[in-house]
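Counting convention: from 1, in listed order, for ligands and their atoms alike.
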Amino acid sequence: MEQSDKNQTADIGLIGLAVMGQNLVLNMADNGFTVAVFNRTVSKVDDFLNDAAKGYENVLGGHSIEEFIALLKRPRKVMLMVKAGNVVDQFIDLVLPHLEQGDLIIDGGNSHFPDTTRRTKHLAEKGILYIGTGVSGGEEGARRGPSIMPGGNPKAWPLVKDIFQAIAAKTPDGDACCDWVGEEGAGHYIKMVHNGIEYGDMQLICEAYQLMKDGLGMTPDEMHHVFAEWNTGELDSYLIEITRDILQFKDEDGTPLVENILDTAGQKGTGKWTGISALDLGVPVTLIGEAVFSRCLSAMKDERVQASKLLTGPKAAFSGDKTAFVEDIRRALLASKIVSYAQGYMLMREAAQEMGWHLNFGGIALMWRGGCIIRSVFLGKIKAAFDKNPSLTNLLLDDYFREVTGRCQDSWRRVVAQSVTMGIPVPAFATALTFFDGYRSERLPANLLQAQRDYFGAHTYERINKPRGEFFHTNWTGTGGKTSASTYQV
Ligand code: NBP
């Protein structure tokens, strides 16, 4: 059904009226944009118009794809907020016949980055622009200001920049937590790393909680006050803030609700994707890896209950200065967090190189500064580090972060040592410290490892007194041959 141009008033169209889609539409409408909406279950269009969007004259309903597309100004911008996976491809196929060259499709769901790269290329061949964007902050973020991480076809960015930056969260300085991330699947890649870092931050907080609870015997109310204090300083962040509130929350019977919750963690997969990408690219993102595996271990509840009856260990008992140890835990958490973000940035740097993306590292810190789950004061420091030196090799080498890890180091070591002595698991604290010690080591024991590989597999080694790239094989037993295996890199 052809409609006359006078109906084409919508600045953008959004398909997918579930929690994220509805809230994004209202956010856009509040910012003065006219938005057309559509949904697979068409009845939800009128439900939305008559309920949450009631009174909004700049929200228009389409009851078929044709009617929806006809409401859009040219070049048309169609945003999908639907379940990730095949559903996105199905909707692309559905809208494509109604679009023309220069129109834009945006996927705002949690898609896996290779899918976004594939879709960007496929649509570019048809003259259609494509953006895959991470949107973080959940329902509240979508409504009041999410962190938005768009990547895809760079020609598409000017078409939605004003809309996205208007609806995005703002930093305390007033900057929008949305900027162009990079080509192809870069936006969804950055959202994936964001979620991985979120796993790491949450695990670190959980370890601090367990140390205070089981090691120091503190009550949830006491810990509430500690987190409240932490939230006023270097650790000021959304996750510390909600932990503060969770610890104070009482169940119907007046007991702390947190203690009545079963200790088995769920996960949706983005942390796992980050780990897989790190393994694929050969980047030691150890803290996120530990955070994912810690969730897996927590999920083995029945087996752990059995094992707890059979495997013994030290009974946790702390006999030192508790107040001083709480401060040690704060410093261990801060230093470990620095390692986690340093690892996340190492991963993004490698991904950018591998995929040929031009990532804006300071801009990424800015996008995460507000609106999203990992928002924190700390991200302002990362932004400052990249502003000072855009080609910074590693966050750990920045002056500010060097000062913090230096200042926190003794506490960090005491916490890990004490936890091991008390038999309290601290996989994220420990892996962060171990990584830190490995990263700052001029010489690691990989010389022995190379000898072992050459011994059993003739895999060859390089020598400290010869140029890099020259490979040697030794006949270690006197019985092997002189033939070496072809060298390979993983
Ligand atoms: P959902 O992920 O639950 O998706 C709901 C939408 O997908 C509805 O419009 C639904 O249509 C449509 N849909 C489904 Br489900 N199956 C479909 C199918 N087979 N064919 C066509 N349409 C189908 O909604 P959400 O929680 O608002 O999330 C939207 C996207 O944003 C997801 O990718 C999600 O991962 C991402 N995200 C969510 C959050 C969050 O906090 N929820 C945060 C950040 C990102 P229907 O109404 O007809 O069933």
**OP:** Please test T286 against T431 for side chain to side chain donor-acceptor pair (under 3.5 Å), starting from the C-alpha separation and ending with a verdict.
**Re:** CA-CA 6 Å; T286 63; T431 197; 3.1 Å; yes

**OP:** Just do the side chain to side chain donor-acceptor pair (under 3.5 Å) check on S111 and D107 with the steps written out, would you?
**Re:** CA-CA 8 Å; S111 295; D107 168 23; 2.4 Å; yes

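For K73, the salt bridge (Lys or Arg N to Asp or Glu O under 4.0 Å) test picks out D11, with sequence neighbours left out.
Residue pairs meeting the ring-ring contact (aromatic ring centres under 6.0 Å, His included) criterion with at least one partner in residues 237-276, sequence neighbours excluded, are H112-W273. For residues 334-360, every residue pair satisfying the salt bridge (charged side-chain N to carboxylate O under 4.0 Å, His left out) rule, not counting sequence neighbours, is listed here: D201-K337.
Around ligand 1, the residues contributing at least one heavy atom under 4.0 Å from the ligand are G16, L17, A18, V19, M20, N39, R40, T41, K44, M81, V82, K83, A84, V87, Q90, F91, G109, N110, V135, G138.
Taking a cutoff of 4.0 Å between a charged side-chain nitrogen and a carboxylate oxygen, K381 and D398 do not qualify as a salt bridge.
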